[in-house]
Amino acid sequence: MENNAYVTDCGLIVDINMAFQSGKEKLARVIGHEFHHNYRNKALRVAKHPLITALNDIQAEGIADLIDKDVPPVTSMPPYPQEIVDVYNAMFEQTPKKLATLASLTALYLKKQISENKLGEVLGQFWGDGGHANGFYMTLLIEKQGLKERLIERYHDPLSFVEIYNEAARGQEGEYVLSDAFVELIRQIQERYLEEMAQRSEELYEVTFELEIPTSEEDIFITGNQASLGDWNPRKVILNKTSPNKRSITLQISSPAEFKFTRGSWATEAVIEGKQDNDNLHLDFRENTQVSYKILGWADGI
């Protein structure tokens, strides 16, 4: 159906035509690429923050592409047309400019000129083709500079990936080196996440969220800092409609919890009564509990 392969929680999916046409050696490398993702995900402990997510994407694909991809520029990518091949090669070559743009966006975020939610919206579509071309560019440079073993040792750590890439790029003509401020921001985000994980209760509790809303037709979502809260996906966990203007949901979550309510995107984040800023809602508990919130409006003014 498509010239692709990918890993799910229950197995590896490979297009049957691609499997037969690849031959044994290439198919083995494709399987190695996909199971690298599966293996890596088991060890992954990274913050659910748009910058970390963006770096994690290119690290994951860049290392996996070392297993089975040809070094660009490539001449063909069957069955894709030449236009797709040209776009891929161009994305690969533009990696230094792409990293410079990422640094500029981060600078705006640090100056509070754009919010974390806005940063997430932009970075959600930042890497073309899932980050393959740009991640591969970075890992090939790391390999060229003799740092491949360190890259593999730290295969599950985006912070180390940035540090190793910077070491490889420093002093190389035409390469972009991410600033110390950028690296320090990533370090701080990751350290806060790991501290939070260390403090989080091992036990799960039943928490019921009751919500009063200003309109009656909207689907309302909750999103937060753990899987049962959607892992900061603003359109994953939907509340139940209990009456025209009320929503409710009971979830098994660990403490502490951070979360927000949306209408399905970060542009539609809820404005909560008694909350004066854009920070996350926070809940600390050690027993089953019930909490209530009143939504006064939405970030998009509706």
Side-chain angles (χ1 to χ4, degrees), residues 1-8 12-38 40-41 50-51 53-106 118-144 148 151 158 161-162 165 168-169 172-178 233 235 265-267:
M1 300 298 292
E2 59 176 333
N3 186 34
N4 206 351
Y6 49 92
V7 164
T8 70
L12 172 64
I13 297 173
V14 183
D15 174 66
I16 194 167
N17 287 323
M18 186 184 84
F20 276 107
Q21 293 169 7
S22 295
K24 290 182 179 180
E25 183 179 346
K26 185 175 180 181
L27 181 59
R29 293 200 305 270
V30 169
I31 292 172
H33 175 122
E34 298 305 332
F35 273 116
H36 165 75
H37 291 313
N38 183 272
R40 183 177 185 272
N41 288 342
L51 277 172
T53 299
L55 294 171
N56 184 59
D57 288 345
I58 55 173
Q59 182 187 24
E61 296 300 353
I63 295 175
D65 284 352
L66 288 173
I67 299 171
D68 70 320
K69 295 294 189 293
D70 296 329
V71 175
V74 296
T75 57
S76 65
M77 299 170 64
Y80 299 115
Q82 187 61 39
E83 290 84 353
I84 299 298
V85 177
D86 294 341
V87 168
Y88 174 81
N89 287 330
M91 286 192 296
F92 180 87
E93 292 297 332
Q94 291 166 3
T95 298
K97 292 182 179 179
K98 199 73 172 177
L99 292 175
T101 302
L102 178 64
S104 297
L105 288 168
T106 304
K118 182 62 178 177
L119 182 67
E121 288 181 28
V122 176
L123 294 185
Q125 306 295 324
F126 191 71
W127 309 118
D129 78 338
H132 280 277
N134 303 126
F136 198 24
Y137 182 102
M138 296 170 74
T139 57
L140 284 171
L141 180 62
I142 289 169
E143 182 180 49
K144 182 179 179 181
K148 182 178 178 180
L151 175 72
F161 179 58
V162 172
Y165 166 77
Q172 302 300 312
E173 184 178 355
E175 304 298 349
Y176 187 83
V177 178
L178 292 157
N233 182 332
R235 195 179 177 83
S265 71
W266 289 120

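If you read the sequence from its start, that first residue is 1, and numbering goes on from there. FYI, side chains are in, hydrogens and waters are out, and symmetry mates aren't considered; it's all heavy atoms of this structure.
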How close do [X] and [Y] get, heavy atom to heavy atom, and via which atoms?
X	Y	result
Met77	Val85	N-CG2, 3.6 Å
Leu123	Ala54	CD1-CB, 4.2 Å
Phe92	Ala133	CD1-O, 3.4 Å
Leu102	Phe126	N-CZ, 3.8 Å
Tyr6	Leu12	O-CD1, 3.4 Å
Val7	Phe35	CG2-N, 4.1 Å

Checklist entry - Any side-chain heavy-atom pair from Thr139 and Ile63 closer than 4.5 angstrom? => result yes
Next on the checklist: In the structure I gave you, are the side-chain heavy atoms of Ile58 and Phe161 within less than 4.5 Å of one another anywhere?
Outcome noted: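 Yes, close enough: below the 4.5 Å cut-off.
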Item to check | Atom CG of Asn41 with >12 non-hydrogen neighbours under 6.0 angstrom | outcome: yes
Checklist outcome for this item: Residue pairs passing the side-chain hydrogen bond (donor to acceptor under 3.5 Å, both in side chains) test with at least one member in residues 93-102, sequence neighbours excluded, are Thr95-Asn134
Checklist entry - Considering residues at least two apart in sequence or located in another chain, which fulfil the side chain to side chain donor-acceptor pair (under 3.5 Å) criterion with Glu143? => result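 Glu143 satisfies side chain to side chain donor-acceptor pair (under 3.5 Å) with Lys148 once adjacent residues are dropped.
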Item to check | Set of residues satisfying side chain to side chain donor-acceptor pair (under 3.5 Å) with respect to Ser265, sequence neighbours excluded | outcome: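 Counting only residues at least two positions away or on another chain, Ser265 forms a side chain to side chain donor-acceptor pair (under 3.5 Å) with Thr268.
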Checklist entry - Are any side-chain N or O atoms of His33 and backbone N or O atoms of Ala64, one a donor and one an acceptor, separated by less than 3.5 Å? => result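 It does hold such a pair.
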Atom [atom1] of [X] and atom [atom2] of [Y]: how far apart are they, to the nearest 0.5 Å?
X	Y	atom1	atom2	answer
Thr106	Leu119	OG1	CG	6.5 Å
His36	Ile31	NE2	CD1	16.0 Å
Asp57	His132	CG	NE2	10.0 Å

Item to check | side chain to side chain contact (heavy atoms under 4.5 Å, CB included) evaluation trace for Gln59 with Tyr165 | outcome: CA-CA 10 Å; Gln59 182 187 24; Tyr165 166 77; over 6 Å; no
Let me have the donor-acceptor pairs involving side chains of residues 18-30, under 3.5 Å, with sequence neighbours excluded, atom names and distances please.
from: Ser22; atom 1: OG; to: Met18; atom 2: O; distance (Å): 2.6
from: Glu25; atom 1: OE2; to: Arg29; atom 2: NH1; distance (Å): 3.2

Next on the checklist: The criterion is side-chain contact (heavy atoms from CB on, under 4.5 Å); which residues satisfy it with Ala60, sequence neighbours excluded?
Outcome noted: His37, Arg40
Checklist entry - Does the side chain to side chain contact (heavy atoms under 4.5 Å, CB included) test come out yes or no for Leu151 and Leu66, once each step is laid out? => result CA-CA 11 Å; Leu151 175 72; Leu66 288 173; 3.9 Å; yes
Item to check | Residues in salt bridge (Lys or Arg N to Asp or Glu O under 4.0 Å) contact with Lys69, at least two apart in sequence or another chain | outcome: Asp65
